[in-house]
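Numbering of ligands and ligand atoms starts at 1, following listing order. It should be emphasised that the depicted structure is a prediction, and the values quoted were computed from it without experimental measurement. As a basis for the values below, the full set of heavy atoms in this structure was taken, side chains included, without hydrogen atoms, waters or symmetry mates.
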Amino acid sequence: MAILKILQYPDERLHKTAKKVEQVTDDTRRLIRDMAETMYAAPGVGLAATQVDVHLRLFVADISETHDQLRVFINPEILASDGDEESEEGCLSVPGVYEKVCRAEKVTVRALDENGRPFTLDADGFLAVCIQHEIDHLRGKVFVEYLSQLKQTRIRAKLKKRMREIL
Ligand code: GNR
Ligand code: NI
């Protein structure tokens, strides 16, 4: 197992579009294990492959407090969505920034699990938010892109300044 490096906004690699996973193999499962370990260590409730600079359509999520309900989504597709709800979001690629974003309240998602078997899940609440946030990453979209240009400029400046202070 390994902890992977998480790309930090503004990094242009966060805007790459992930490609479909053609076959779920042992390599895919190794990546999933490493992503799960990285997510738990961060700690975070989700992690998209894009965030660890792997541009494949897959993400992991675990919204349990006990860290024992890992969910794996390979080639996820939202089949249906319903309602609107605003909630505060954060992102491991945008540390220290929490802002309200409006998303669908409920989603039906279809994906493959780590064995390559298809499943369909109806999600609402925080899990629905998380799934939409992760699928956005796979399209190269970071949650701050829903905010005003002014807020985005401020966030970029703040993160660049923090990056300089760390170096
Ligand atoms: O850890 C995370 N918390 C979170 C909180 C509100 C809405 C979405 C998220 S996902 C985030 C982890 C992450 O960056 N996933 O891409
Ligand atoms: Ni994120």
Side-chain angles (χ1 to χ4, degrees), residues 1-19 21 28 31-78 81-109 111 113-114 121-148 151-152 154-156 158-160 162-163 166:
M1 301 246 280
I3 305 267
L4 308 171
K5 207 182 101 197
I6 298 175
L7 297 177
Q8 304 288 297
Y9 181 85
D11 185 312
E12 65 280 7
R13 291 170 291 180
L14 286 169
H15 303 302
K16 286 191 172 188
T17 304
K19 293 200 163 63
V21 175
T28 318
L31 170 64
I32 287 165
R33 274 203 304 279
D34 289 345
M35 283 173 56
E37 194 185 11
T38 304
M39 173 183 73
Y40 289 130
V45 296
L47 189 70
T50 306
Q51 291 176 278
V52 294
D53 203 21
V54 176
H55 302 282
L56 291 173
R57 289 188 61 79
L58 69 94
F59 69 90
V60 293
D62 186 344
I63 61 163
S64 74
E65 277 174 24
T66 41
H67 288 183
D68 59 357
Q69 286 169 49
L70 182 70
R71 295 172 190 270
V72 174
F73 299 79
I74 300 170
N75 298 336
E77 298 295 342
I78 291 184
S81 55
D82 189 39
D84 287 291
E85 198 149 63
E86 201 178 42
S87 67
E88 192 154 86
E89 297 195 18
C91 181
L92 294 173
S93 294
V94 196
V97 174
Y98 302 90
E99 296 281 353
K100 285 211 159 185
V101 173
C102 189
R103 301 209 185 253
E105 186 186 346
K106 295 179 183 175
V107 293
T108 302
V109 60
D113 67 15
E114 65 274 27
L121 173 76
D122 285 313
D124 59 13
F126 188 44
L127 183 59
V129 173
C130 193
I131 287 169
Q132 293 171 81
H133 176 114
E134 302 312 335
I135 290 176
D136 272 353
H137 275 301
L138 303 178
R139 299 192 298 123
K141 183 152 179 155
V142 180
F143 86 103
V144 298
E145 291 170 61
Y146 289 105
L147 308 174
S148 69
K151 278 194 178 178
Q152 289 184 51
R154 284 180 179 160
I155 290 165
R156 276 197 297 272
K158 179 172 156 182
L159 293 181
K160 282 182 183 164
R162 199 184 299 149
M163 206 94 89
I166 295 168

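Where the criterion is an N or O separation shorter than 3.5 Å, residue side chain and backbone included, Gly46 meets it with respect to ligand 1. Ligand 1 has no N or O atom lying under 3.5 Å from any N or O atom of Glu89, backbone or side chain. On a distance-only criterion, Glu88 and ligand 1 share no N/O pair closer than 3.5 Å. Taking only nitrogen or oxygen atoms, main chain and side chain alike, Leu92 reaches within less than 3.5 Å of ligand 1. Below 3.5 Å of separation, one finds no N or O of Ser93 facing any N or O of ligand 1.
Each of the following atoms of ligand 1 lies closer than 4.0 Å to a heavy atom of Glu134: 10 (S), 13 (C), 15 (N), 16 (O). Of all atoms in ligand 1, numbered sequentially from 1 with element shown, those under 4.0 Å from a heavy atom of Cys91 are 14 (O). Within ligand 1, the atoms closer than 4.0 Å to a non-hydrogen atom of Gly44 are 1 (O), numbered from 1 in the order shown. Each of the atoms 16 (O) of ligand 1 lies under 4.0 Å from some heavy atom of His137. Numbered from 1 in the order shown, with element, the atoms of ligand 1 that lie under 4.0 Å from a heavy atom of Phe126 read 5 (C), 6 (C), 7 (C).
Cation-pi contact between Lys141 and Tyr146: present, with separation from the ring centre below 6.0 Å and deviation from the ring axis of at most 45°.
No option in Glu85, Glu134, Glu89 other than Glu89 meets the salt bridge (charged side-chain N to carboxylate O under 4.0 Å, His left out) test with Arg103.
A salt bridge is defined here as a Lys NZ or Arg NE, NH1 or NH2 lying under 4.0 Å from an Asp or Glu carboxylate O, and Arg13 with Asp53 meets this definition.
For the pair Ser93 (side chain) and Leu7 (backbone), a donor-acceptor distance under 3.5 Å is present. The backbone N or O of Ala128 sits less than 3.5 Å from a side-chain atom of Gln132, completing a donor-acceptor pair. Put simply, the side chain of Asn75 gets close to the backbone of Val21: a donor and an acceptor are under 3.5 Å apart.
Using a 4.5 Å heavy-atom cutoff, the side chains of Leu70 and Val72 are in contact. Side-chain atoms of Lys158 and Arg162, non-hydrogen and from C-beta on, do get closer than 4.5 Å to each other. Val45 has its side chain within reach of Phe126: a pair of non-hydrogen atoms, C-beta onward, lies under 4.5 Å apart. Under the 4.5 Å side-chain criterion, counting only non-hydrogen atoms from C-beta, Phe59 is not in contact with Thr50. Using a 4.5 Å heavy-atom threshold, the side chains of Met35 and Leu4 count as touching.
Phe143 does not count as a contact of ligand 1, since none of its heavy atoms falls under 4.0 Å from the ligand.
In the displayed structure, Glu88 atom CD is contacted under 6.0 Å by more than 12 heavy atoms of other residues, nucleotides or ligands.
Looking at atom 11 (C) of ligand 1, its nearest protein heavy atom turns out to be Gly90 O, 3.7 Å. Closest to atom 3 (N) of ligand 1 among all protein heavy atoms lies Val45 CG2, 3.4 Å.
Among protein atoms, those of element N, O or S found less than 2.8 Å away from the Ni ion (ligand 2) are Cys91 SG, His133 NE2, His137 NE2.
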